[in-house]
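Numbering starts at 1 and runs along the sequence shown. Bear in mind that the values here come from a model prediction, so they are computed numbers and not experimental data.
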Amino acid sequence: MIGVGKIKQYSNVLEKPLSKGKQEVSLSAFAFLFSELVQYNQTQVDNIAELERRLEDAGYAVGARVLELFCHREKGNRRETRLLGILSFVHSTIWKVLFGKVADSLEKGTEHEDEYMISEKELLVNRFISIPKDMGAFNCGAFVAGIVRGVLDNAGFPAVVTAHFVPVEGQQRPRTTILIKFAEEVLAREARLG
């Protein structure tokens with residue numbers, strides 16, 4: 001037949017090309033899904049620390065997959081080998097993929113050589129969450145801390161990552177700081193690379 005092209009048949013899903021369609025999720029859909037995740041985990045635990053740990057574990061799985069997908073699609077399977085390179089990658093590239101903008105700041109800790117902080121004035125996961133008074137210092141940023149830990153661990157930069165509220169003068173809501181404390185092996189490798 002004239003003018004009829006062949007449609008390529010794929011034998012399995014791994015051979016299909018990755019579509020680059022619309023990659024945004026409705027904010028209201030995300031807020032609903034995330035609130036359901038928090039509520040479900042809240043019914044499964046007895047204290048705030050356990051709830052934050054479960055959110056961090058959920059975020060870790062997301063971070064591992066985000067890194068794998070992003071490296072496959074965008075970086076041609078190249079990976080960062082330097083500490084500042086991976087921090088910049090998380091602060092700008094990964095943050096932009098997840099939240100639509102670069103994080104507000106990336107800072108090196110002044111007290112410890114192995115600590116870095118990513119700060120966000122209004123973290124998306126804390127925007128629509130109202131915390132009851134009996135839950136005190138509960139921080140949904142633990143989910144984002146888990147994402148960051150998942151990205152770093154799977155990139156070969158093991159670290160302890162935690163989320164903290166930091167009060168800001170003149171503002172009602174505190175900013176969220178993701179504190180990254182790298183393992184000794186990462187610092188030793190960085191020193192060897194010079």
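For the residue pair A163 and A142, the shortest heavy atom distance occurs at CB-N, 3.7 Å. Shortest non-hydrogen contact noted between D153 and A159 is OD1-N, 3.4 Å. When all heavy atoms of A145 and V161 are compared, the pair lying nearest together is O-CG1, 3.4 Å. Across all non-hydrogen atoms, the minimal contact from A58 to L37 is CB-CD2, 4.4 Å. Here the shortest heavy-atom pairing between V102 and E120 reads O-OE1, 4.4 Å.
Counting only distance, with no hydrogens or angles, the side chain of Q42 and the backbone of L51 share no donor-acceptor pair below 3.5 Å. Of the possible donor and acceptor atoms, one in the side chain of S35 sits under 3.5 Å from a partner among the backbone N and O of F32. A donor-acceptor distance shorter than 3.5 angstrom exists from the side chain of N126 to the backbone of C140, with no hydrogens or angles considered. Panel note: side chain S88, backbone L84; no donor-acceptor pair is recorded below 3.5 Å. Side-chain atoms of E50 do not come within 3.5 Å of backbone N or O of V45 as any donor-acceptor pair.
With values rounded to the nearest 0.5 angstrom, F70 atom CZ is found 5.0 Å from F89 atom CZ. One finds the CD1 atom of I180 at 5.5 Å from the CG atom of L87 (value rounded to the nearest 0.5 Å).
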Can you give the donor-acceptor pairs under 3.5 Å from side chains of residues 182-189 to other protein atoms, not counting sequence neighbours?
residue: R189; atom: NH1; partner: G156; partner atom: O; Å: 3.1
residue: R189; atom: NH2; partner: G156; partner atom: O; Å: 2.9

Taking distance alone, no hydrogens or angles, what donor-acceptor pairs closer than 3.5 Å link side-chain atoms of residues 108-117 to residues at least two apart or in another chain?
residue: K108; atom: NZ; partner: E113; partner atom: O; Å: 2.8
residue: D114; atom: OD1; partner: K181; partner atom: NZ; Å: 3.3
residue: D114; atom: OD2; partner: K181; partner atom: NZ; Å: 3.0

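A 4.5 Å side-chain heavy-atom check between V151 and F157 finds every atom pair outside the cut-off. Between S119 and T177 there is a side-chain heavy-atom pair separated by less than 4.5 Å. F138 has its side chain within reach of L55: a pair of non-hydrogen atoms, C-beta onward, lies under 4.5 Å apart. Using a 4.5 Å heavy-atom cutoff, the side chains of W95 and D104 are not in contact.
The environment of F99 atom CZ is dense: over 12 non-hydrogen atoms of other residues, nucleotides or ligands sit within 6.0 angstrom. For D46, the CG atom is loosely surrounded, since the number of other residues' heavy atoms within 6.0 Å does not exceed 12. A 6.0 Å sphere centred on OH of Y40 holds no more than 12 heavy atoms belonging to other residues, nucleotides or ligands.
Follow the hydrophobic side-chain contacts under 4.5 Å out from V160 and you never reach V144; the two are in separate clusters. At a threshold of 4.5 Å between side-chain heavy atoms, the hydrophobic network of Ile, Leu, Val, Met, Phe, Trp and Tyr places L124 and Y60 in two separate groups. Linking Ile, Leu, Val, Met, Phe, Trp and Tyr whenever their side-chain heavy atoms come within less than 4.5 Å puts V125 and V97 in one cluster. Tracing side-chain contacts under 4.5 Å through hydrophobic residues (I, L, V, M, F, W, Y), one reaches F30 starting from L98; they form part of the same cluster.
A salt bridge is absent between R65 and E68; no separation between the charged side-chain nitrogens and carboxylate oxygens falls under 4.0 Å.
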task: Assess whether side-chain contact (heavy atoms from CB on, under 4.5 Å) is satisfied between V38 and F143, documenting all intermediate values.
output: CA-CA 10 Å; V38 172; F143 181 73; over 6 Å; no
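Screening V148, I178, L179 against T162 for a side-chain contact (heavy atoms from CB on, under 4.5 Å) leaves a single residue, L179.
Residues satisfying the salt bridge (Lys or Arg N to Asp or Glu O under 4.0 Å) test with R127, not counting sequence neighbours, are E122.
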